[in-house]
There are 2 protein chains.
Amino acid sequence: MRISEVARRTGVSIRSLRYYEEKRLLCARRLENGYRDLDEGAIERVQTIQMYLGLGLTTEQIEEILGCTGFSPFPQPLPVCEEVLLALYQDKLQDVEHQMAVLTALHTRLTERIASLQRQLQAE
Amino acid sequence: MRISEVARRTGVSIRSLRYYEEKRLLCARRLENGYRDLDEGAIERVQTIQMYLGLGLTTEQIEEILGCTGFSPFPQPLPVCEEVLLALYQDKLQDVEHQMAVLTALHTRLTERIASLQRQLQAE
DNA sequence: CTTGACTATGACAGTGATGTCATAGTTTAT
DNA sequence: ATAAACTATGACATCACTGTCATAGTCAAG
């Protein structure tokens with residue numbers, strides 16, 4: 001699918017989509033005419049990117065977490081040996097685990113605040 | 001207390017503290033010499049601001065919530081603020097939970113991929 | 001073929017939070 | 001009294017994300 005459809009379906013501007021690709025958050029095959037050819041998975045991927053940005057992560061951090069090199073839903077495994085791939089995956093796994101820890105802390109804080117606010121409102 | 005003490009105790013730069021005041025997130029009395037005179041509550045307030053910023057809110061949104069409009073020493077109209085806050089937190093919590101789910105899925109895929117690669121390497 | 005709707009890239013602007021520097025006034029310690 | 005350590009403001013820089021514009025190539029419909 002072409003870029004405007006992704007933009008329409010995600011609500012993200014074409015400009016931003018191209019920027020995400022530039023930052024390697026998003027991979028797009030190219031048609032013969034040079035047009036980007038996005039795949040169905042791009043929709044959810046873009047939504048994921050948006051949510052991360054909303055949570056204050058930078059594109060660099062997002063790229064580390066779901067960068068489109070490696071386990072991305074795109075074919076074209078690089079001509080690289082399994083050992084290197086394995087190391088890459090393990091690296092990413094560490095990143096993911098680190099990020100999960102961050103989110104868990106956030107979750108705890110939010111839950112506490114919500115409970116506290118609800119008690120406070122109930123008491124009135 | 002003066003600005004550097006707030007900076008020291010919160011870990012937030014003096015520059016940022018002045019910026020928060022400019023954006024009306026923080027109110028500071030002034031001493032006769034023009035120095036800011038922050039009160040004890042500023043510490044927690046600054047930590048709160050930091051948390052909001054960490055959650056991806058802008059100073060403008062934070063200003064709406066913390067409502068430090070002017071130098072009024074009167075208590076805030078709490079109920080409205082708290083309800084808004086609660087909705088906001090709940091929203092954020094949903095985002096965080098969705099992201100944790102995404103990361104968990106990612107984690108699973110990575111783990112599988114790693115195990116598969118390890119089997120593959122072992123077999124050689 | 002022409003027109004209009006897409007697409008591409010590149011450059012520049014703008015915003016938000018922060019850093020840094022210049023300049024100047026104030027307090028404190030020696 | 002002078003130096004060191006604060007403080008103040010204002011200006012400019014930076015970084016990341018996004019908008020917008022200029023210019024040009026592509027495609028489908030009339």
Side-chain angles (χ1 to χ4, degrees), chain A residues 1-39 42-43 45-68 95 99 102 106, chain B residues 1-40 42-43 45-68 71 88 92 95 99:
Chain A
M1 108 189 59
R2 288 185 309 186
I3 198 170
S4 64
E5 184 175 347
V6 179
R8 187 180 49 73
R9 287 174 58 188
T10 60
V12 172
S13 75
I14 292 178
R15 173 68 177 85
S16 294
L17 294 176
R18 294 204 264 244
Y19 178 73
Y20 297 163
E21 189 194 40
E22 185 190 329
K23 293 302 178 179
R24 319 193 67 93
L25 305 184
L26 202 56
C27 299
R29 288 181 307 278
R30 294 304 181 115
L31 301 172
E32 288 181 359
N33 57 16
Y35 287 13
R36 286 174 183 78
D37 183 24
L38 283 295
D39 112 351
I43 301 295
R45 193 178 183 87
V46 168
Q47 290 165 343
T48 301
I49 293 168
Q50 281 281 293
M51 222 158 305
Y52 273 127
L53 288 175
L55 285 174
L57 304 196
T58 70
T59 48
E60 194 182 353
Q61 295 171 308
I62 300 173
E63 194 270 340
E64 284 167 14
I65 296 168
L66 45 92
C68 54
D95 289 342
Q99 197 51 38
V102 169
L106 217 62
Chain B
M1 105 190 61
R2 288 186 309 186
I3 197 170
S4 64
E5 185 176 347
V6 180
R8 187 181 48 74
R9 287 172 59 188
T10 59
V12 173
S13 75
I14 291 178
R15 173 67 177 85
S16 294
L17 293 176
R18 293 204 266 244
Y19 178 71
Y20 297 163
E21 189 193 41
E22 184 190 329
K23 292 301 179 180
R24 305 182 152 274
L25 305 184
L26 203 57
C27 299
R29 288 182 307 278
R30 295 302 182 118
L31 300 173
E32 289 181 357
N33 57 15
Y35 287 14
R36 286 174 183 78
D37 182 24
L38 283 294
D39 92 6
E40 191 64 31
I43 301 294
R45 193 176 181 87
V46 169
Q47 288 166 344
T48 302
I49 292 169
Q50 282 281 295
M51 181 174 104
Y52 287 151
L53 288 174
L55 287 177
L57 303 199
T58 69
T59 48
E60 194 184 350
Q61 295 171 306
I62 299 172
E63 192 269 339
E64 284 167 17
I65 293 167
L66 296 187
C68 175
F71 285 70
L88 206 126
K92 272 300 174 191
D95 283 354
Q99 275 323 291

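Side chains are part of it too, since the values below use all heavy atoms of this structure and drop only hydrogens, waters and symmetry mates. Letters go in sequence order (proteins before strands), and every chain restarts at 1.
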Quick check against the 3.5 Å criterion: does B:Asp37 have a side-chain atom that pairs as donor or acceptor with the backbone of B:Met1?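 Such a contact is found between B:Asp37 side chain and B:Met1 backbone.
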
Heavy-atom nearest nucleotide on DNA chain C for A:Gly34 versus B:Thr58: which residue maps closer to 5'?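 Nearest nucleotide further toward 5': that of A:Gly34.
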
For [X] and [N], give me the distance from atom [atom1] to atom [atom2], rounded to whole Å.
{"X": "A:Met1", "N": "C:dT7", "atom1": "CE", "atom2": "C1'", "result": "16 Å"}
{"X": "A:Ile62", "N": "D:dC17", "atom1": "CD1", "atom2": "C1'", "result": "11 Å"}
{"X": "A:Leu31", "N": "C:dT7", "atom1": "CG", "atom2": "P", "result": "11 Å"}
{"X": "B:Ile3", "N": "D:dC6", "atom1": "CD1", "atom2": "P", "result": "13 Å"}
{"X": "B:Arg2", "N": "C:dT27", "atom1": "CZ", "atom2": "C1'", "result": "7 Å"}
{"X": "B:Glu22", "N": "C:dG16", "atom1": "CD", "atom2": "P", "result": "11 Å"}
{"X": "A:Leu26", "N": "D:dT18", "atom1": "CG", "atom2": "P", "result": "12 Å"}
{"X": "A:Glu21", "N": "C:dT7", "atom1": "CD", "atom2": "P", "result": "14 Å"}

Ignoring backbone atoms, establish whether [X] has a side-chain N or O less than 4.0 Å from OP1 or OP2 of [N].
{"X": "B:Asn33", "N": "C:dT27", "value": "yes"}
{"X": "A:Arg36", "N": "C:dA8", "value": "yes"}
{"X": "B:Gln50", "N": "C:dA17", "value": "no"}

Closer than 4.0 angstrom, basic N to acidic O: yes or no for [X] and [Y]?
{"X": "B:Glu22", "Y": "B:Arg18", "answer": "no"}
{"X": "B:Glu21", "Y": "B:Arg30", "answer": "yes"}
{"X": "B:Lys23", "Y": "B:Glu63", "answer": "no"}

State which of D:dA8, D:dT18, D:dT26 makes the closest approach to the side chain of A:Tyr35.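 So the nucleotide nearest the side chain must be D:dT26.
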
Least distance between heavy atoms, A:Ala7 atom then A:Leu17 atom: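 For A:Ala7 versus A:Leu17, the nearest heavy atoms are N-CD1, 3.6 Å.
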
Could you tell me whether A:Glu60 atom CD has more than 12 heavy atoms of other residues or ligands within 6.0 Å of it?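 Atom CD in A:Glu60 is not packed in, count stays at 12 or less.
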
Near DNA chain D, under 4.0 Å by heavy atom, which residues of residues 4-20 of chain B?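 Correct list: B:Ser4, B:Ile14, B:Arg18.
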
With a 4.5 Å limit on heavy-atom distance, are the side chains of A:Val12 and A:Tyr20 in contact?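 Yes, their side chains come closer than 4.5 Å.
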
